[in-house]
Amino acid sequence: NFLSHAWVLRAFLPQMTATGENRRATIVTLSSLMASMPAARLADYCAAKAAVTQLHECMQWEACRGHARGRHGYALRWLLVSSYMLTT
């Protein structure tokens, strides 16, 4: 679960932030409220979602601190979707 998010960011973030005229991109991360709520028999799921949430927050912070819109010509938005328990 976590590794797929890391691989996708590694693969696509450079192209999404490449210099260009009025480039806009949105990073959408699907996580869960279980990232911050421990639950019996769900330790692996909760840990994976916590890692995904932290990856999202750290990458968002790094992108906002190091790459202002005017410097590279792009606007990068970050959206974290944290749902509760769903029956699928």
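- Val8 and Val28 are not part of a single hydrophobic cluster, where members link through side-chain heavy atoms under 4.5 Å apart.
- Residues Lys49 and Phe2 form no side-chain contact, since every pair of their non-hydrogen atoms from C-beta on lies 4.5 Å or further apart.
- Tyr45 and Ser32 make their closest contact through OH-CB, 3.5 Å (heavy atoms, listed as atom of the first residue, atom of the second, distance).
- Residues Val81 and Thr29 form no side-chain contact, since every pair of their non-hydrogen atoms from C-beta on lies 4.5 Å or further apart.
- The shortest distance between side-chain heavy atoms of Ser31 and Leu80 falls below 4.5 Å.
- Annotation: side chain of Arg77 is not in contact with side chain of Ile27 (no heavy-atom distance under 4.5 Å).
- Linking Ile, Leu, Val, Met, Phe, Trp and Tyr residues whenever their side-chain heavy atoms come within less than 4.5 Å places Val52 and Trp7 in a single cluster.
- Distance CG/Leu55 to CD/Gln60: 11.5 Å, rounded to 0.5 Å.
- Looking only at side-chain heavy atoms (C-beta outward), Met37 and Tyr84 come within less than 4.5 Å of each other.
- Scanning all heavy atoms of the two residues, the minimum distance from Ser82 to Leu33 falls at O-CG, 3.8 Å.
- Residues Trp78 and Leu76 have side chains in contact (heavy-atom distance under 4.5 Å, counting atoms from C-beta outward).
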